[in-house]
Amino acid sequence: MAKILVTGGAGYIGSHTCVELLNAGHQVVVLDNLSNSSEESLNRVQALTGKTLDFIQGDIRRAEDLDQVFNTHQIDAVIHFAGLKAVGESQQIPLAYFDNNISGSISLTQAMQRAGVFNLVFSSSATVYDEANTSPLNETMPTAMPTNNYGYTKLIVEQLLEKLSLADPRWSIALLRYFNPVGAHKSGRIGEDPQGIPNNLMPYITQVAVGRREKLSIYGNDYDTVDGTGVRDYIHVVDLANAHLCALTNRLNATGCRAWNIGTGHGSSVLEVKNTFEQVNGVAITFEFAERRAGDVATSYADNSRAISELNWQPQYDLEDMLIDSWNWQKQNPKGYH
Ligand code: NAD
Ligand code: UD1
């Protein structure tokens with residue numbers, strides 16, 4: 001069993017990953033500045049698993065915070081979730097994104113190198129693929145600088161990590177390119193808790209369902225898709241969390257830097273998501289069709305065969321599970337963790 005540093009472990013994907021790590025018998029140290037999360041998520045992770053983890057409130061941009069972690073704990077590997085993730089905000093305050101996501105990742109890898117820790121799993125995104133590619137997207141397809149600053153930071157960090165591993169063969173780096181993470185732990189005790197108005201589809205739907213938002217705007221109904229609405233590859237957050245364990249287990253002795261898509265390999269349209277949510281949960285979602293959202297593509301879904309064959313990972317949950325679990329979390333926690 002290993003001791004894993006989870007940066008950003010109090011956040012949505014991080015907290016679910018902590019549950020899976022603890023359940024698998026690993027020791028967990030979380031470093032999070034709580035800029036987009038609450039310590040309550042970690043209290044619940046510990047209550048759910050009946051196990052304890054170490055939490056340090058600190059910042060990946062601060063060498064002192066990182067050195068304190070590595071000097072106190074014998075860390076075997078790092079799962080790096082910490083960063084900012086709102087596409088719209090990244091256009092308003094680009095420097096904050098460059099600082100947290102790019103400088104933060106550099107500062108983290110510098111501290112890892114000082115500590116002699118070279119195993120890293122990085123949260124990347126399907127947004128790094130060139131929009132000219134046709135789905136299913138596979139890892140050999142070209143990437144391209146995303147037009148938004150958030151996506152830009154993800155591709156820059158991927159490229160920095162790639163160059164780092166080429167320069168120093170001690171590094172073992174897994175780039176996990178997430179498609180669209182949704183859902184929540186079956187218990188409904190942990191889940192996604194966005195601040196302010198949600199940008200993403202699933203939290204918007206659950207907030208309409210719970211009465212916090214009036215209606216869903218569906219951005220575009222004239223795409224070249226099955227029903228005119230955008231198609232995405234939604235992946236259950238517990239399946240995504242498990243992909244990190246698979247990456248750790250199967251990469252711990254490997255070297256180099258390699259990317260894996262983490263998606264189900266299946267695309268669902270916005271209308272399909274909305275209609276299925278209504279059916280499986282028995283809740284009506286008021287909606288209207290609106291203009292296309294700038295920067296959106298019609299269709300994006302994964303070829304996940306590399307992760308299945310090389311990481312020995314297999315998604316377990318389908319769209320209905322994702323929608324049931326998202327709603328279960330939201331209705332038990334109408335105001336999130338607050
Ligand atoms: P989240 O905001 O819930 O979690 C990120 C965590 O990092 C938060 O707890 C936040 O407080 C912490 N953090 C931010 N900056 C920090 C810093 N400088 N130092 C220490 N902690 C810091 O987001 P999430 O949805 O769990 O996403 C986790 C990672 O996955 C992010 O890197 C995100 O870009 C990436 N990702 C997310 C999605 C998605 O749709 N959720 C898709 C693709 C990639
Ligand atoms: C978005 C980001 C992407 C990021 C990902 C995960 C953009 C352009 N892309 O991806 O960079 O990696 O989130 O955080 O912001 N939709 C609606 N109404 C809504 C919200 C969304 O119709 O209120 C539609 C979108 O047009 C899209 C689908 O739902 O077709 C999914 O949207 P979303 O959840 O925001 O994810 P992505 O656009 O795939």
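All ligand and atom numbering here is 1-based and tracks the order in the structure.
- Placement of Phe81 and Ile235 within a single hydrophobic cluster is found when ILVMFWY residues are connected by side-chain heavy-atom separations under 4.5 Å, directly or transitively.
- His266 and Phe179 have their aromatic ring centers separated by at least 6.0 angstrom.
- Taking 4.0 Å as the cut-off between side-chain N and carboxylate O, Arg292 and Asp222 count as a salt-bridged pair.
- Screening residues 4-24 for salt bridge (charged side-chain N to carboxylate O under 4.0 Å, His left out) gives no qualifying pairs among residues at least two apart or on separate chains.
- Protein residues with a heavy atom closer than 4.0 Å to ligand 1 are Gly8, Ala10, Gly11, Tyr12, Ile13, Asp32, Asn33, Leu34, Ser35, Asn36, Ser37, Gly58, Asp59, Ile60, Arg61, Phe81, Ala82, Gly83, Lys85, Asn100, Ser123, Ser124, Ser125, Tyr150, Lys154, Tyr178, Pro181, listed by chain and number.
- Within the structure, side-chain hydrogen bond (donor to acceptor under 3.5 Å, both in side chains) contacts touching residues 229-238 (residues at least two apart or in different chains) are Asp227-Thr229, Asp233-Thr264, His236-Asp325.
- Between Trp329 and Tyr337, a ring centre-to-centre spacing shorter than 6.0 Å is recorded.
- Both Met145 and Phe98 are part of a single hydrophobic cluster, where members link through side-chain heavy atoms under 4.5 Å apart.
- By the 4.0 Å N-to-carboxylate-O rule, Lys274 lies too far from Glu288 to be salt-bridged with it.
- In this structure, Leu248 is a member of the same hydrophobic cluster as Leu22, with clusters built from ILVMFWY side-chain heavy atoms closer than 4.5 Å.
- Protein residues are said to neighbour a ligand when one of their heavy atoms lies under 4.0 Å from it; for ligand 2 these are Val87, Ser125, Thr127, Tyr150, Asn180, Asn199, Asn200, Leu201, Leu216, Ser217, Ile218, Tyr219, Gly230, Arg232, Tyr234, Val270, Arg293, Gly295, Asp296.
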